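Okay, so here's the structure we're looking at.
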Amino acid sequence: MTALTDMADLSIEDGIALITIDNPPVNALSHGVRQGISDGLAQCLADDQVEAIVLICAGRTFIAGADITEFGGPMKEPGLHAVLDDLENASKPVVAAIHGTALGGGLETALCCHYRVCDAGARFGLPEVNLGLLPGGGGTQRLPRVVGAEKALEMMVSGAQIGAAEALQEGLVEEIVEGELRSGAIAFARKVVAEGAPLAKVRDREEKLQSARDNPGLFDDFRKSIARKTRGFLAPESNIRCIEAAVNLPFDEGMAVERKLFQELMRGPQSRAQQYFFFAERQAGKIPDVPRDTAEIPITRVGVIGAGTMGGGISMNMANVGIAVTIIETQQEALDRGLGIIRKNYENTASKGRISSQDVEDRCGLITGSLQMEDLADCDLVIEAVFENMDLKKEIFSKLDGIVKQGAILASNTSALDINEIAAATARPESVIGLHFFSPANVMKLLEIVRGDKTGKEVIKTCMSFAKRIGKKAVLVGVCPGFVGNRILFPRQAQAQKLILEGALPHQVDKVLVEFGMPMGAFQMSDLAGLDIGWNAETSKGESIRDLLCEAGRRGQKTSAGYYDYDEKRTPSPSPVVEEIIRGFSDKAGLALRDISEEEILERCIYPMINEGAKILEEGIAIRASDIDVTWVYGYGWPVYRGGPMHYADSIGLDNVVATLRKYAEQTGDSSWEPAALMVRLAEEGKGFSDL
Ligand code: 3H9
């Protein structure tokens, strides 16, 4: 075996050469890999003993794509295109041997080989769209030539992967190797040589494009079908245009379209934000004082206290991945209702074809109800999900302390209360942690893991891993009112309220937020949550718009009326009644109404969030700015193409954010507009949050 570079080597076995890439963790196409393929290929072509070449990877996967850390600077020679051309034009057959995931540039590399074989576990995809990009190594022109434009549209615009069996059926691989991939690939290469099989080039294939050529409506129909999901994103449309080019233009012209659109996306802010977010997500899993090798507590049995909306949703997360759950309620009726809702939710999912009716039974079978807290004695993790009342929570935790086995994790789903105070109700505060699920808990991806002053490292490590196991994106945060997500939400909601008293209407505020890319506006969100959460009919004195709406029976979507009127399909429309209530309130308060620009609405809603984020960082409540961004993207639907509030602030420039905050501080005399000291310092140093 000869080393080609520090990321690739070459060996020859009876006329078959193997170029093996070894660039952990995911064999990205870093410079050393490109150089290795290029040099290896040249040696093989010059060596008369070599009859065919197998391109294979060491480690856990085939090439997972271009090296994203190299983006942003010029690509060191040899560039990817040159390497891919060399592969495709090689005068000896090249076989890609695929295991793990062949993604992005990795699949594009395989598509430039003359043949592809894989093992049964291999997966394939062009996920560039998730980085705000399109496949820039010819994938937009080659994939449709292999699997057809229809399948290519589906794969490239969603970024979804397909498995080995589907890849075989689609013609993306020639063979699924049984047994060891390496020897199977060598045998396949020998067969190619023995049969004198042609040097098949995907670029020359046309037959799979015919059905799209015969169906001119294909692309517009597809555009319509994805419009809602991809609102605001630029990359999906560019991906579609490339596939259209593959169908309608000769290969080289299609490649030119791909190159142009790739570069446009690469230079734009959306891809920068999405690349940033790719690493932000992975950073969130790293806790500086909790090393990777920290021991974990095995979790096989989970208890949930409370069969309400949150408790039910939380339990479903466990059942979905095969973990047994015991739900505790105080009354049989509440328990039956909760279990009934869980079953109904699963049946709804089954009726949409997303799970089977057997799955419904299996999952429901994993969830047991009980009225006895003693039934939680053997649980490894107990999650309390009762309503937000400190005394009640303390009482529950003190009881749990006497019941649940030592070493188990005692978690609270509180969204607001002090975990340290809850932990102090037990004699084992090191076992207590916050697990803040977002509603609906079986759907929302975010899990805020709240670390108390005494929470043990093993408990933190276990919860971070457990979150992954149940399909959540975990962010570790410290204790403060609202933790990270809701604490940042509060000032935005407060500004939205002020804006409507000064002249903007709820739908005008919401429109700005939705156009910015949020899934819904501030008032739509309040209506969805219910305006009467925390509102008390007995003590309400009409001191806010919320009070007045609740007093008028407008409690949000559930009453078909809140800040908006709702029809039977829950479609909102601006309400003249609400406008009257708001105007009356402003009048009474002596507030002058004025036209408020969309720019002001955006600044007043978004900049206080950034300021609050900076304070959160100052106080050490979040470990890093990117964790705040992960929280807001996964918990509140902040558009990932804007990275998150902290990345967005960096992209505007912190000096601009500080200046704008000061402008409003001066205009309003309200000290909450004063920029956080941390942000002022960074702005003065010409830095951003990402420099912290
Ligand atoms: C592309 O190919 C463009 C071309 O079309 C055209 C170019 C001209 N680069 O996710 P994990 C790191 S665009 C650099 O935790 P898993 C990652 O940061 C690319 N680094 O593992 C992490 O580092 P750390 C298209 C990368 O097992 C470590 O590897 N391809 C890259 O859960 C482990 O990652 C994609 O978009 C990369 N390409 O999942 C695929 N990928 O340990 C992106 C990963 O320091 N990758 N890293 O935090 C993935 O989807 C997943 O990483 C994968 C493994 C499924 C492969």
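Treat the numbers as computed from the prediction; the structure is a model and nothing was measured. Ligands are counted one by one from 1 in listed order, and the atoms in each one are counted from 1 as well. Counting begins at 1 with the first residue of the sequence.
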Is the NZ or CZ atom of R282 both under 6.0 Å from the centre of the six-membered ring of F278 and within 45° of that ring's axis? yes

Considering only protein heavy atoms, which is closest to atom 45 (O) of ligand 1, and at what distance to one decimal place? K286 NZ, 3.5 Å

Sub-4.0 Å atoms of ligand 1 with respect to non-hydrogen atoms of F278: 18 (O), 41 (N), 43 (C), 44 (C), 46 (N)

Do V202 and C112 have side chains that approach each other closer than 4.5 Å (heavy atoms only, starting at C-beta)? no

Kindly identify the option in T61, N23, L103 whose heavy atom sits closest to atom 55 (C) of ligand 1. L103

For V129 and V157 the tightest heavy-atom approach is CG1-O, 3.7 Å

Ignoring hydrogens and angles, tell me if any N or O in the side chain of K461 forms a donor-acceptor pair with the backbone of I287 under 3.5 Å. no

Pairwise side-chain contact, L133 with M266, heavy-atom cut-off 4.5 Å (strictly under): yes

Ignoring angles and geometry beyond distance, decide whether P135 reaches within less than 3.5 Å of ligand 1 through its nitrogen or oxygen atoms. no

From the options P25, G285, A28, select the one whose nearest heavy atom is closest to atom 28 (C) of ligand 1. P25

For P127, take its heavy atoms, then give the atoms of ligand 1 lying under 4.0 Å from any of them. 30 (N), 35 (C), 36 (O)

How close do T61 and H99 get, counting heavy atoms only, and between which atoms? N-NE2, 3.2 Å

Backbone, side chain, both or neither: what part of D67 comes under 4.0 angstrom of ligand 1, heavy atoms only? both

Considering only heavy atoms of F279, which atoms of ligand 1 have at least one such atom less than 4.0 Å away? 18 (O)

Sole residue of V94, V95, L199 in side-chain contact (heavy atoms from CB on, under 4.5 Å) with Y115: V95

Do any nitrogen or oxygen atoms of R282 come within less than 3.5 Å of a nitrogen or oxygen of ligand 1? yes

Of the non-hydrogen atoms in L143 and M155, which two are nearest, and what is the gap between them? CD2-SD, 4.1 Å

Which residue and non-hydrogen atom of the protein lie closest to atom 44 (C) of ligand 1, and at what distance in Å? V26 CG2, 3.5 Å

Closest non-hydrogen atom pair between P291 and D289, with its separation: CD-O, 3.5 Å

Which segment of E108 sits under 4.0 Å of ligand 1 when only heavy atoms are counted: side chain

With a 4.0 Å cut-off on heavy atoms, is H81 touching ligand 1? no

Which ligand 1 atoms does L131 reach within 4.0 Å, using its non-hydrogen atoms? 13 (S), 19 (C), 36 (O)

Who gets closest to atom 37 (C) of ligand 1 by heavy atom: G65, A66, G125, A64? A66

I'd like to check which ligand 1 atoms, numbered from 1 as shown, lie under 4.0 Å from a non-hydrogen atom of G136. 4 (C), 5 (O), 6 (C)

Location of contacts on R60 toward ligand 1, heavy atoms closer than 4.0 Å: side chain

Could you list the atoms of ligand 1 found under 4.0 angstrom from a heavy atom of G104? 2 (O), 25 (C)

Salt-bridge test for E70 and R34: reply yes if a basic N is under 4.0 Å from a carboxylate O, no otherwise. yes

Using modelled atom types only, decide if a donor and an acceptor are shared between the side chain of Q270 and the backbone of Y641 within a distance under 3.5 Å. no

